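Below is one structure, written out as structure tokens; comments come after it.
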Amino acid sequence: MSTTPRIAIIGAGPGGLVCARVLQQHGLPVTVFERESDPRSRSQGGTLDIHEDTGQVALRAAGLFDRFRALSRPEGQQWRLYDRHAALIRHDRAGEDDLSKPEIDRGQLRALLLDSLAPGTVRWGHGAEAVTPLPDGTVRLHHHDRTVEDFDLVIGADGAWSRVRPALSDAQPSYAGVTMVEIHFDDVDRRHPGIARLVGSGTMSAKAGRRSLVLQRNSNGHVRGYVTFRGPQDWHAGLDLADTEAVRARLLAQYQGWDESLLAILRDNEGAFINRPMFVLPVPHTWQRVPGITLLGDAAHLMPPVGVGANLALLDGAELAQAVIDHPTVDQALDAYESVMLPRAADHAKTAQQMLTSLMPDTDSDAAIFPDTQWPATPAR
């Protein structure tokens, strides 16, 4: 970059933070604006498998791979598939030296990235309301407190409901036809040994037709679960989602006839049920260039959560930062970044949609189990 640009990143998720880290490594100042009041204001969610050809590439570019490796759980790559009768169909174990997609808690990954940044990089409690392109090619950032700041580059890393996206695109997320209801278990090996046996050291899924139950082991004996089903977004009509027992009864009715060991996932979870309808952006999602504004991660290519979203966000962030470093102007940097990111995102989004259709068909047939086109047949072992 021939002159030092003023750079703002909106959103302190993995993609935005790794972008900031790579920029700072090369001496470029950057400010990250985050709506949350502090790093501990909310749970950061479950666990992520970080892939060697995407997320790990970004962490290596950020100089953080060794620290990631020390926190990650290669044993978390283990995966078990059951039918609704709790019969084990498939059991995949990672090899001893397999580092293709080790797991890490989202909160641990975020803390790793935050700790790598210069003090004061993230301005907590400063959410963006909108961005406005200015005639001179710069960008005005409108904060939620009605103050404004001008930048040479504003990067929307603010997720599904991005406040930056409207400056580039009229696209809005739409319901994908599938809902996940999140649950959790703590101290699982001692308090919930049946759940611990089902999930093992990694992930399990029990699947029949348009319904599944998924468990993922996190660190420190914590397990996150996802009750996943195809149906209307208002599946809970007439139900108070804050009424845990009423939600439990509604879900148990949906899974009637499943094995009792699997129904324990619905009966014994701790705390509330958290409704998480699945939203996606159109495929492909593109835009006409607006000087000084771009997007990364879910803000650019929100797709079904089939294991690629966070990895693409990390790779987007690292590649965008490198483009800014390597090119003399912001416009040239965005040309280089978007010419790679947009087609890659479209390809992944198409694949993710195909996987979602295969994994969550609009049928209740037991034959609709994970198809071999996505997971080649491997005997349970």
Side-chain angles (χ1 to χ4, degrees), residues 1-11 13-23 26 28 30 32-33 51 53-55 57-58 61-62 128 130-134 136-141 151-173 280-303 308-353:
M1 191 65 60
S2 55
T3 59
T4 302
R6 298 165 297 173
I7 303 173
I9 298 173
I10 314 305
L17 293 176
V18 83
C19 185
R21 162 69 177 179
V22 174
L23 288 169
H26 291 81
L28 290 179
V30 58
V32 179
F33 295 92
H51 298 186
D53 59 346
T54 48
V57 171
V131 295
T132 304
L134 300 177
D136 64 357
T138 61
V139 184
R140 180 155 294 166
L141 176 59
F151 292 91
D152 300 298
L153 174 60
V154 173
I155 300 166
D158 49 342
W161 307 102
S162 172
R163 299 300 182 93
V164 179
R165 188 192 302 123
L168 297 174
S169 164
D170 293 331
Q172 289 290 323
V280 295
L281 280 169
V283 181
H285 177 229
T286 61
W287 53 84
Q288 292 295 317
R289 167 66 48 74
V290 175
I293 306 173
T294 196
L295 305 171
L296 63 78
D298 284 352
H301 44 69
L302 179 65
M303 61 187 74
V308 295
N311 282 280
L312 288 182
L314 287 165
L315 188 60
D316 289 351
E319 289 186 348
L320 174 53
Q322 194 61 51
V324 172
I325 293 157
D326 289 345
H327 292 83
T329 69
V330 167
D331 270 350
Q332 289 174 306
L334 297 189
D335 279 339
Y337 164 67
E338 291 176 357
S339 68
V340 173
M341 182 274 290
L342 288 172
R344 177 178 64 209
D347 287 344
H348 279 281
K350 289 174 186 175
T351 301
Q353 185 58 55

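Below, each value reflects all heavy atoms present in this structure, side chains not excepted, and no hydrogens, waters or symmetry copies. Bear in mind the structure is a predicted one, so any value in this text is a computation, not a measurement.
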- Would you please name every residue forming a ring pair (Phe, Tyr, Trp, His ring centres under 6.0 Å) with H285, sequence neighbours left out? W287
- Of all heavy-atom pairs between S162 and D158, which one has the smallest distance, and what is that distance? OG-OD1, 2.6 Å
- Item | Distance, nearest 0.5 Å, that separates CG of L320 from CD1 of I7 | 8.0 Å
- Task: Any chance you could measure D316, atom CG, to L296, atom CG, to the nearest 0.5 Å?
- Result: 5.5 Å
- Task: May I ask you to decide if A318's main-chain N or O and R21's side chain share a donor-acceptor pair within less than 3.5 Å?
- Result: no
- Message: Within the 4.5 Å heavy-atom criterion, are V22 and I325 side-chain neighbours or not?
- Response: yes
- Task: Might you point out which heavy atoms bring G292 and L334 nearest each other, and give the distance in Å?
- Result: N-CD1, 4.2 Å
- Note on the structure: Residues at least two apart in sequence or cross-chain that pass side chain to side chain contact (heavy atoms under 4.5 Å, CB included) with A128, listed by chain then number, are I10, L141
- Note on the structure: Rounded to the nearest 0.5 angstrom, the OG1-NE2 distance for T54 and H348 is 7.0 Å
- Should the heavy atoms of other residues, nucleotides or ligands under 6.0 Å from CG of D170 be counted, would the total exceed 12? no
- Message: Quick test of your reading: applying salt bridge (Lys or Arg N to Asp or Glu O under 4.0 Å), list the pairs with at least one residue in residues 285-297, sequence neighbours left out, ordered by first then second residue.
- Response: R289-D335, R289-E338
- Message: If I take atom CG from residue L281 and atom OG1 from residue T286, how far apart are they, to the nearest 0.5 angstrom?
- Response: 11.5 Å
- Message: Which residue in the set M303, Q353, K350 passes side-chain contact (heavy atoms from CB on, under 4.5 Å) when paired with V283?
- Response: K350
- All heavy atoms of L295 vs all of A300, minimum pair found to be CB-CB, 3.7 Å
- Task: Could you tell me whether the side chain of F151 reaches within less than 4.5 Å of the side chain of R140, counting heavy atoms only?
- Result: no
- Query: In Å, rounded to the nearest 0.5 Å, how long is the span from CG of L315 to CZ of R344?
  - Reply: 4.0 Å
- Query: Distance from H51 atom NE2 to L312 atom CG, nearest 0.5 Å?
  - Reply: 9.5 Å
- Residue pair L314 / A58: nearest heavy atoms and the distance that separates them: O-CB, 3.2 Å
- Which pair of heavy atoms, one from G156 and one from A299, lies closest together, and at what distance? O-CB, 3.5 Å
- Message: Regarding T329 and D331, do their side chains bring together a donor and an acceptor under 3.5 Å, going by distance alone?
- Response: no
- Note on the structure: Correct closest heavy-atom pair for I293 and A167 would be CD1-CB, 3.9 Å
